[in-house]
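Below: one structure, written as structure tokens.
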Number of protein chains: 2
Amino acid sequence: MENFLDTISALNDETRVKLIAFLDQHGALCVCDMQSSFGMIQSRLSRHLKILKDGGFLRVDRCGTWAYYSIRSPLDRFRSEALAEIRCLGIELPPLKKLSETGDCKL
Amino acid sequence: MENFLDTISALNDETRVKLIAFLDQHGALCVCDMQSSFGMIQSRLSRHLKILKDGGFLRVDRCGTWAYYSIRSPLDRFRSEALAEIRCLGIELPPLKKLSETGDCKL
DNA sequence: CTTCAATATCAAGATATATTGATTTATTGA
DNA sequence: TCAATAAATCAATATATCTTGATATTGAAG
């Protein structure tokens, strides 16, 4: 029940649904790229990403000081269905701004 | 997006997940039966049932002053998956107390 | 038409979640 | 070792959701 509610509450926020859609569209992204793309302050983004990770939707790969988030794979059946549902919503997403590429860390 | 979040937030509450499981197990029940089974005050139950109905999970059939709630059928794909997930949770539910059967309204 | 019973709605307070800005941690490179 | 940078965490406030008790609505029965 706890685990189910973690999964559900991870989805229960517009910002987080958009983040899932964005990562689904662009693959692995680091926090600062999402930050610049969404125009969102870092602490807010970091908190939402943690909730999505704890909810079983995302994985993190660290490369030095950078943290690359991506959709966890494979997703279990229910989370896959949730992702499929999100894909069908036709959410408008901001253009990707890859700030990290002016840096030098390669994933 | 709105519709999706209504669906998700309907699931985002332990009481409501239990109500879905209870109705899934017992079929159509009127409010007072759930009220006595769960030992929950009427206004609280009524509110949760409304949220589940608006979220697309339940239907209501009225018979005089009685309101019988049941799992809506057919559920769309995502909601079916959610129900399947809930069935797997092994939630402990209270025994059914059919207060309504001491009355005289037959569904 | 009045009363009663089942349910729905409303207003207030309690609890949980989200947002912000500041601080902390961890890693890199000088 | 020290400074700089990316990210995480914390504390305070803002916002949303849940719970309760009171009141309103609806239909049935006298």
Side-chain angles (χ1 to χ4, degrees), chain A residues 1-2 5-20 23 28-55 58-70 97-107, chain B residues 2 5-19 23 28-55 58-70 97-107:
Chain A
M1 179 73 136
E2 263 175 53
L5 286 175
D6 283 349
T7 305
I8 292 298
S9 59
L11 293 172
N12 194 39
D13 181 280
E14 187 167 343
T15 299
R16 289 195 288 269
V17 173
K18 284 185 184 166
L19 284 170
I20 289 176
L23 287 167
L29 293 174
C30 71
V31 176
C32 70
D33 286 339
M34 293 184 263
Q35 190 180 337
S36 52
S37 299
F38 281 89
M40 196 178 292
I41 70 175
Q42 185 267 327
S43 63
R44 181 181 171 193
L45 194 45
S46 188
R47 184 176 196 279
H48 285 303
L49 291 169
K50 178 177 170 40
I51 291 169
L52 286 168
K53 180 167 69 72
D54 292 349
L58 303 185
R59 58 175 290 178
V60 202
D61 293 281
R62 283 172 206 289
C63 175
T65 61
W66 304 66
Y68 286 85
Y69 283 85
S70 53
K97 292 186 193 168
K98 277 233 170 197
L99 270 203
S100 62
E101 297 201 332
T102 62
D104 51 355
C105 178
K106 307 282 178 291
L107 180 59
Chain B
E2 262 176 55
L5 286 176
D6 282 349
T7 305
I8 292 298
S9 58
L11 293 172
N12 194 40
D13 181 279
E14 187 167 343
T15 299
R16 290 194 289 269
V17 173
K18 284 184 183 167
L19 284 170
L23 287 167
L29 294 174
C30 71
V31 177
C32 69
D33 286 340
M34 292 184 264
Q35 191 179 334
S36 52
S37 300
F38 280 90
M40 196 178 289
I41 70 176
Q42 184 268 326
S43 63
R44 181 181 171 192
L45 195 45
S46 189
R47 185 177 195 277
H48 285 304
L49 291 168
K50 179 176 169 40
I51 290 170
L52 285 169
K53 181 167 68 72
D54 293 348
L58 302 186
R59 59 175 290 177
V60 203
D61 294 282
R62 285 173 204 288
C63 173
T65 59
W66 304 66
Y68 287 85
Y69 283 86
S70 54
K97 292 186 194 168
K98 274 232 169 198
L99 270 203
S100 61
E101 298 200 332
T102 62
D104 50 358
C105 180
K106 308 279 176 292
L107 179 59

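Chain letters run A, B, ... following the sequence lines, proteins first, then strands; residues in each count from 1. Only this structure's heavy atoms are used, side chains among them; waters, hydrogens and symmetry mates stay out.
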Sequence neighbours excluded, which residues qualify as salt bridge (Lys or Arg N to Asp or Glu O under 4.0 Å) partners of B:D54? B:K50
Salt bridge (Lys or Arg N to Asp or Glu O under 4.0 Å) filter on B:R59, not counting sequence neighbours, yields B:D61
So which of residues 29-41 of chain A are in contact with DNA chain D, with a heavy-atom cut-off of under 4.0 Å? A:C30, A:V31, A:C32
Would you say [N] has OP1 or OP2 under 4.0 Å from some side-chain N or O of [X]?
X: B:T65; N: D:dG27; answer: no
X: B:H48; N: D:dT19; answer: yes
X: B:R62; N: D:dA28; answer: no
X: B:Y69; N: C:dA8; answer: yes

What about B:Q42, does its side chain sit under 3.5 Å from the base of C:dA6 through a donor-acceptor pair? no
What are the two closest non-hydrogen atoms of A:V60 and A:A67, and how far apart are they? CG1-CB, 3.9 Å
For [X] and [N], what is the distance between atoms [atom1] and [atom2] respectively, to the nearest whole Å?
X: B:K50; N: D:dT17; atom1: NZ; atom2: C1'; answer: 15 Å
X: A:I51; N: D:dA8; atom1: CD1; atom2: P; answer: 13 Å
X: B:L49; N: C:dA6; atom1: CG; atom2: P; answer: 16 Å
X: B:L52; N: D:dC18; atom1: CG; atom2: P; answer: 10 Å
X: A:L19; N: C:dA18; atom1: CG; atom2: C1'; answer: 14 Å
X: A:L45; N: C:dA18; atom1: CG; atom2: P; answer: 14 Å

List the atom pairs, with distances to 0.1 Å, where a side-chain N or O of residues 39-48 of chain A and a protein N or O form a donor-acceptor pair under 3.5 Å, not counting sequence neighbours.
unit_1, atom_1, unit_2, atom_2, d
A:R44, NH2, A:T15, OG1, 3.3
A:H48, ND1, A:R16, NH1, 3.1

Using the test side-chain hydrogen bond (donor to acceptor under 3.5 Å, both in side chains), find all partners of [X] that sit at least two apart in sequence or belong to another chain.
X: A:T7; answer: A:R79
X: B:K97; answer: none
X: B:D33; answer: B:S100

Distances under 3.5 Å only, N/O to N/O: pair up the protein atoms with those of nucleotides 2-4 of chain C.
none

For nucleotides 10-15 of chain C, give me every protein contact, N/O to N/O, under 3.5 Å, one pair per line with atom names.
none

Got a sec? Which of residues 10-18 of chain A come in under 4.0 Å of DNA chain C, heavy atoms? A:D13, A:R16
Among C:dT9, D:dT19, D:dA8, which nucleotide sits nearest the side chain of B:R44? D:dT19
